[in-house]
Protein chains: 2
Amino acid sequence: MGTTKTEHFTDKQNATASMLKALGHPARIAIMEFLITANHCICGDIVNEIPLSQPTISQHLKELKNAGLIKGRVEGNAICYCVNEQSISDIIGYFGNITNKINQRAGNCC
Amino acid sequence: MGTTKTEHFTDKQNATASMLKALGHPARIAIMEFLITANHCICGDIVNEIPLSQPTISQHLKELKNAGLIKGRVEGNAICYCVNEQSISDIIGYFGNITNKINQRAGNCC
DNA sequence: AAACTATATCGTAATATTGCAATATTAAAA
DNA sequence: TTTTAATATTGCAATATTACGATATAGTTT
């Protein structure tokens with residue numbers, strides 16, 4: 001117990017859940033928004049921008065990276081982060097599909 | 001510790017994270033997809049459709065409902081569930097905005 | 001090389017999540 | 001009214017997440 005039973009679900013369902021889970025924390029939403037708003041890659045400003053400790057930010061960045069939502073590039077002794085635009089397209093694609101299915105069907109009773 | 005420091009983030013960021021967090025589990029993705037694919041409201045079939053125990057499904061439904069992603073309507077001794085279409089629009093709107101910002105900016109270095 | 005800077009990792013405490021058996025609740029049917 | 005059916009709640013064990021201090025690592029500067 002305590003563990004998600006991923007084996008009952010499709011790969012696509014697990015992959016989708018895992019992307020959205022990575023975005024399911026306000027600090028990670030804030031990091032994504034910061035990276036996007038900043039008009040360029042961010043090297044070393046993230047810790048100053050978000051009021052959490054450096055290890056905590058580093059951990060959140062790792063999770064975003066594992067989920068494929070951001071990319072990192074080593075730049076001297078700093079690391080430049082930016083959004084993986086493909087991942088955002090994938091998410092939009094997913095919800096676009098959902099919307100199409102909603103629009104195609106008969107209608108709700110609730 | 002162990003608790004998310006929501007006070008450091010905007011209401012919008014917390015609200016967005018909380019919706020996406022609700023979708024950040026394969027069982028809840030599967031429930032959403034089932035409700036959408038089913039072309040009508042679902043009264044009582046969810047437990048048979050997803051290989052998790054009845055209490056576990058009930059708990060996931062509660063979380064989806066708390067996050068505003070689904071609606072429930074009492075129908076005799078059963079409960080009919082359906083997707084809250086507005087919530088999907090909200091999510092699409094959020095990622096649409098993100099995409100606009102990405103397209104407006106100079107470009108990545110990564 | 002020594003000091004400095006940026007980031008990652010380790011270890012750990014506090015809390016949250018997942019899943020289920022048992023039980024409660026509520027409405028319908030017999 | 002007893003039984004049946006559908007769903008919710010409670011209680012709990014296993015595991016995951018969140019956050020951070022301390023420390024490690026790696027590149028830069030002096």
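Letters A, B, ... are given to chains in the order of the sequence lines, protein chains preceding strands, and every chain is numbered from 1.
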Decide salt bridge (Lys or Arg N to Asp or Glu O under 4.0 Å) for B:R105 and A:E85; before the verdict, give the C-alpha distance in whole Å, the side-chain angles of both, and the deciding distance to 0.1 Å.
CA-CA 12 Å; B:R105 79 190 165 155; A:E85 303 182 5; 2.7 Å; yes

Mind running salt bridge (Lys or Arg N to Asp or Glu O under 4.0 Å) on B:E63 and B:K65 for me, showing each step along the way?
CA-CA 5 Å; B:E63 279 175 71; B:K65 207 172 171 190; over 6 Å; no

With disulfide bond (SG atoms under 2.5 Å apart) as the criterion, how do A:C41 and A:C80 come out once you've worked through the C-alpha distance, each side chain's angles and the decisive distance to 0.1 Å?
CA-CA 6 Å; A:C41 288; A:C80 292; 5.9 Å; no

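Between D:dT17 and A:H60, no contact under 4.0 Å exists linking OP1 or OP2 to a side-chain N or O. In this structure, A:T56 reaches the D:dC20 phosphate: one of its side-chain N or O atoms is under 4.0 Å from OP1 or OP2.
Scanning DNA chain C 5' to 3' for nucleotides with an atom closer than 4.0 angstrom to a non-hydrogen atom of chain A gives a first and last hit of C:dT5 to C:dC20.
Between B:F9 and A:H25, the ring planes are perpendicular. Angles over 60° get that label, and only those under 30° would be called parallel. Using the six-membered ring where Trp is involved, A:F95 and B:F95 have ring planes that are parallel, under 30° apart on the 30 and 60° scheme.
Rounded to a whole Å, the CD1 atom of A:I79 is 11 Å from the C1' atom of D:dT25. Rounded to a whole Å, the CG atom of A:L61 is 13 Å from the P atom of D:dA19. Summarising the geometry, the separation between CG on A:L64 and P on D:dT17 is reported as 14 Å, rounded to the nearest angstrom. Rounded to whole Å, the distance from CD on A:Q54 to P on D:dA26 is 15 Å. Nucleotide D:dA5 holds its C1' atom 15 Å from the CD atom of B:E75, rounded to whole Å. Rounded to an integer number of Å, the gap from CD1 of A:I50 to P of D:dC20 is 12 Å.
If B:K5 and A:T3 are placed on DNA chain D by their nearest nucleotide, the residue sitting closer to the 5' end is A:T3. Each of B:K21 and A:K65 was assigned the nucleotide of DNA chain C with the nearest heavy atom; the assignment lying further toward the 5' end belongs to A:K65. Between A:P55 and A:T4, the one whose closest nucleotide on DNA chain D sits nearer the 5' end is A:T4. Nucleotides of DNA chain C nearest to A:G2 and A:I57 differ in position, and the one nearer the 5' end is that of A:I57.
Backbone-only contact: A:E63 has heavy atoms under 4.0 Å from sugar-phosphate atoms and none from a base. Using a 4.0 Å heavy-atom distance criterion, A:S53 is classed as a base contact.
Looking at B:Q104 and B:N100, their side chains never bring a donor and an acceptor atom within 3.5 Å of each other.
Within a 6.0 Å radius of CG in A:N103, more than 12 heavy atoms belonging to other residues, nucleotides or ligands are found.
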